Amino acid sequence: MARKRFHGLKRPRIRQDFSKETLYNLSRLITPGAANRTFFQQKWTAKSMARAYHNPYVREGQWTRMFDRRLPAVVSMSHQYLAKYDGSEMALGRGMGLEKDARQREETLRGEGPDGLEDYDVSSQVLRKRDGRVEKTPYMHMTFHPLERRLDTAIWRALFSSSTKQARQFVVHGWVKVNGKKMVYPGYQLNPGDMFSVDPERVMFATGARKSKKGSPVSDQEAEDRRMERNAAKSNAAARNSEVEEGLEEVDEDEDSDAGAATLESDEDREAMTTRPEDEQDARKAMKNLVLRAKRILEDSKRKLSGKRQQELRSFAQSVRKTMAKHRPSSDPTSVPESAEGGVADFETALAEIMTKIPSDSIPTQSTSAAQSDATAAASSNPQMQQPEKTDEYNAAKDAALLSQALDRARENPIDVSKPYATPWQPRAFMSAFAFIPRYLEVNQNVCSAVYLRHPVARPGLAEVPTPFGGEVMGLAFNWYLRRR
Amino acid sequence: MPPRISSSRLSQPQTCQCFRTRPCEPPSSRQFHASARHEVTHLRRDMYAWLKGPGKVFRKPLRGSTNYLSAYDKQGNLFRAKKDDRGTRNRDEVKEVAENEETASRRDLEDESLTDEDRSARAEQREVARNTRTAEDEETEARGGVPKERTTDMRPYPLNHMFRSQPVLSEELREQLYIQVAVNEYDLASVAASFGVDIRRVAAAVRLKTIEKQWEAEGKPLAKPYSTAILAMLPTTPFKPDTNKSITPHEPINDLPVHPHTRQQIFYPASESRQFTREDAAKVFSSKLLPADKRIPLPMLVDLEKWKLEGLDRQQRTERQVAKDTEAREEAEEQARKRAEWEKRTQRVVKGRRWDFKFQDISVDKVGKDGRGNEAVGYRYGMPHVDRKRGVVKIPTSVA
């Protein structure tokens, strides 16, 4: 018998992953109708839908043993209320005619709740909806809470893998540690306070965009976009040709007007400006190119910068980032060819020079927020009104900051063909629609580790077990797993 | 005899009752092969049509915002981008704040009724207001002019109204928590209370941050691009030190677990004149159950509030708190001392080459009547092992 499709469209199931099929199925999911169906049938459908999402790798018998009809919940208390009342005011009015009717209750004191929620009735300690009804605790949504304790599910919930299946694989293959020790059982039940960590390279692979080809760092998404663009360009090439020519003429005129700043001294310079450094294959050449450009900026920074020059600088910063990323093999820093190293060193000296040209008090640094706010204040007040030297300094400082930021970014996120994911790293397609971290986990993405703080709980108006189904389906599924069905 | 199935149902073959089938136009020209595969390809074509149409917005993250299904209508348009009236509402405020610092300070100087202190205070206020505004501006700019998400936009699963994506700690807030706990050495409870973060979360955030710092010191590469991308996709609780509202409470800090004993409904008659408090109610549910005041994670806050209601001033409250803290510390020390004393009395330590051996007298009677006593030690004869039995979980239950 042929195996059933995991992401079928004919009999679709919502799965725990970031795939486009799941997203599409989510967008057309509805609560199944109850008309013309027996209670048993309704329950069957509900539980099969719910189980297809909630870890179908756990066998049914295993799950029925894990199932617990006692579902956890909390109520958030306000310490102001607890201090003010001892609880006896709740009993008031039952026989003394003090009971309020609904309209009066509407007008009662509505203060800030413990969660910063507006509709919090301080006098009776309950959350209320807009229409005055009490928010109920969604117990039924907690049906599958024991499965959230499993290591593989927790890894997926912490956004360390693209699906529970993949998380399971990571665990089995030994990429996961619990409290610093290797754990190879995906079914390990996390205890409150357990810290689990996944190998960062695995995480980047799981959540990053895929490569289009083995030998190229470009993501499949980008490759497709480029193909589309090329096709579009081909189709209306003739129409665009004339436009482009016009545009070029304009550019030329602009350059003439800006000649004071942008005249090119030598052929070498011209070559450096025309060839994009990120396209250069030879690292040495690219670096030389960059240094030249940096020197030009240095000269420019003495003069007043026009808007066009600023634009150019910005594009330059971008090219710096790309080039640095391209020619920096991140896997092994010792194998850096000397030429490239020298290039980087050269470049960095140039950068340092730029920094020295700028008065130190106007350099915005990231560490001191005060300086940064100074700079932003200067930016917000009209720069044209100030003295030209001052604007120039300010611009130069901004450029320098921009450059160093670009360099940092390139160091962190380099282009590297040897990686199993597309570089520079970017999140995989459709991930953002699934990106959330439930409150029972505390995640630090930098070290790809997370702490399982506590078991998931329900609270008025909110259930912490993420599930795509509504209350009816979950209620029916809960009913299915109760002993007598 | 009339047909059993209505013709309307015959025209559209049902695939699954729990999924909406998209309305499809009839194909313009007849396909060459009208085979059984046709239905499947049609479904798949629908999917790709959706992914290229309304589903296109989910392909890449929305700048500076979350990007969940419920934030969009069926055509793939943002609900909140449609009706945006917030921009016009507070334009006046913006004008007021935008007033130049110089003119404001000059006006203050001209005003004779103000003292120097007043003036400096006012200048500070203006400074804070300006900072707040720049922060707000930056936020809006980061989102590309799209208004902030509403609560209904935060549901990743449109059918589940009871689940929404809740904010996580931002990088700045994590750093701040680390500074407060690890550098300034404040206790976890007061940091949790002042930042509005669950006490367990504070501990976990500091623990993770410590590891991060360790990695940095070792020169181990951090997953920085991953981190920035993920935090940009998630809602975060900000920490803005120089603004009006520097601390945003992250979550409710005093969660009272629903105790199983309190799930029953009890009819308990009490006289009207009786002051029936929470403590009494807890006693009714179970004789050992504590009242809510003592079961919440931070009972200290209730005490502080009570003293405030009593009319004590700030200094007195601090004194009392210090006294209480000292008392608690002394009690803990006393217990530790007792424990050490007990160990010294009962345990004999023999130093080995690598390990210390500890000997302690035990009683064989501890196994109890059935030989399975909880406190008992050692191998119990005649007790079958269950560790290889089918259906018994063999994976570890805890990692130290």
Side-chain angles (χ1 to χ4, degrees), chain A residues 9-12 20 23-24 26 28-30 32 49 73-77 79-80 82-83 86-88 91 95 114-116 138 141 159 178-179 181 185 187-188 191 200 204 376 412-413 425 427 429-430 432-433 435-437 439 442 444-449 451 453 463 466-470, chain B residues 15-20 43-44 47 50-51 58-59 61 67-69 134 156-157 159-160 162-163 165-166 168 200-201 204-205 208 211-212 215 222-227 229-230 233-234 249 252 254-258 260 272 275-278 281 292-293 296 301-302 305-306 309 395 398-399:
Chain A
L9 293 174
K10 205 168 179 184
R11 289 193 183 282
K20 54 176 183 271
L23 186 68
Y24 175 60
L26 260 180
R28 61 190 187 127
L29 177 71
I30 48 169
M49 281 167 83
V74 294
V75 182
S76 46
M77 304 298 286
H79 59 271
Q80 281 104 343
L82 289 178
D86 62 354
S88 60
D115 199 5
H141 287 267
L159 304 179
V178 174
N179 291 338
K181 281 178 191 157
Y185 302 103
Y188 172 69
N191 298 315
M204 305 267 274
T376 45
E412 275 162 15
N413 201 0
W425 189 90
F430 302 112
S432 61
F436 58 84
I437 295 178
R439 278 276 164 89
E442 173 57 33
N444 189 326
Q445 284 86 6
N446 283 325
V447 289
C448 293
S449 305
V451 174
L453 292 181
T467 178
F469 310 105
Chain B
T15 53
C16 184
Q17 318 90 335
C18 41
F19 284 85
R20 207 183 297 131
L43 288 170
R44 205 138 283 264
M47 183 181 89
W50 185 82
L51 287 175
F58 302 110
R59 198 169 272 280
N67 197 21
Y68 298 129
L69 265 173
T134 40
Y157 300 122
L159 283 189
N160 187 353
M162 293 304 173
F163 178 75
S165 170
Q166 290 170 291
V168 297
R200 286 166 293 191
R201 192 180 302 280
L208 291 167
I211 294 175
E212 193 187 319
W215 280 30
L222 302 176
K224 266 275 157 41
Y226 168 74
S227 169
I230 295 291
M233 284 188 230
L234 294 170
N254 270 330
D255 276 347
L256 178 74
V258 175
E272 268 185 31
Q275 181 88 348
F276 193 77
T277 61
R278 276 193 291 273
D293 318 43
I296 54 174
L301 291 181
V302 179
E305 192 66 25
K306 268 184 188 161
L309 290 175
I395 64 178
S398 68
V399 182

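Predicted, not measured: the structure shown is a model, and the values here were computed from it. Each chain gets a letter, A, B and so on, in the order its sequence line appears, and its residues count up from 1.
The contact between N191(A) and chain B is made entirely by side chain atoms (from C-beta outward), counting heavy-atom distances below 4.5 Å. Of the two parts of Y188(A), the backbone and the side chain both hold a non-hydrogen atom closer than 4.5 Å to a non-hydrogen atom of chain B. Interface residue L256(B): backbone and side-chain heavy atoms are both found under 4.5 Å from chain A. Proximity to chain A (any heavy atom under 4.5 Å) is restricted, for V168(B), to the side chain, taken from C-beta onward.
Between chain B and the residues K181(A), Q80(A), M204(A), the most heavy-atom pairs under 4.5 angstrom are made by Q80(A). Chain A forms more heavy-atom pairs under 4.5 Å with one residue of M233(B), K224(B), R59(B) than with any other, namely R59(B). Comparing G470(A), G87(A), S432(A) by heavy-atom pairs within less than 4.5 Å of chain B, the highest count is held by S432(A). Heavy-atom pairs under 4.5 Å with chain A peak, among P225(B), P61(B), A205(B), S165(B), at P225(B). Taking P156(B), A292(B), A223(B) one by one and counting their heavy-atom pairs under 4.5 Å with chain A, the maximum is reached by A223(B). When the candidates I211(B), D293(B), L309(B), T277(B) are compared by the number of heavy-atom contacts under 4.5 Å with chain A, T277(B) comes out ahead. For the set L51(B), I230(B), D255(B), V302(B), the entry with the most heavy-atom pairs within less than 4.5 Å of chain A is D255(B). Looking only at heavy-atom pairs under 4.5 Å with chain A, the residue among L234(B), L69(B), L208(B), N67(B) that has the most is L208(B).
Nearest heavy-atom pair across E305(B) and H79(A) is OE1-CD2, 4.0 Å. In this structure, K20(A) and F430(A) approach most closely via the heavy-atom pair CB-CE1, 3.5 Å. Minimum heavy-atom separation, Y226(B) to W425(A): CA-CZ3, 3.6 Å.
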Fill in: Test log, rule side chain to side chain contact (heavy atoms under 4.5 Å, CB included), inputs I296(B) and L301(B)
CA-CA 10 Å; I296(B) 54 174; L301(B) 291 181; over 6 Å; no
Practice prompt. Step by step, work out the side chain to side chain donor-acceptor pair (under 3.5 Å) result for N446(A) and S227(B).
Written response: CA-CA 6 Å; N446(A) 283 325; S227(B) 169; 3.2 Å; yes
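In this structure, N254(B) contributes its side chain and M77(A) its backbone to no donor-acceptor pair below 3.5 Å.
For N179(A), the side-chain hydrogen bond (donor to acceptor under 3.5 Å, both in side chains) partners at least two apart in sequence or on another chain are D194(A), R207(B).
Aromatic ring pairs are classed by plane angle as parallel below 30°, tilted from 30° to 60° and perpendicular above 60°; the pair Y24(A) and W50(B) is tilted.
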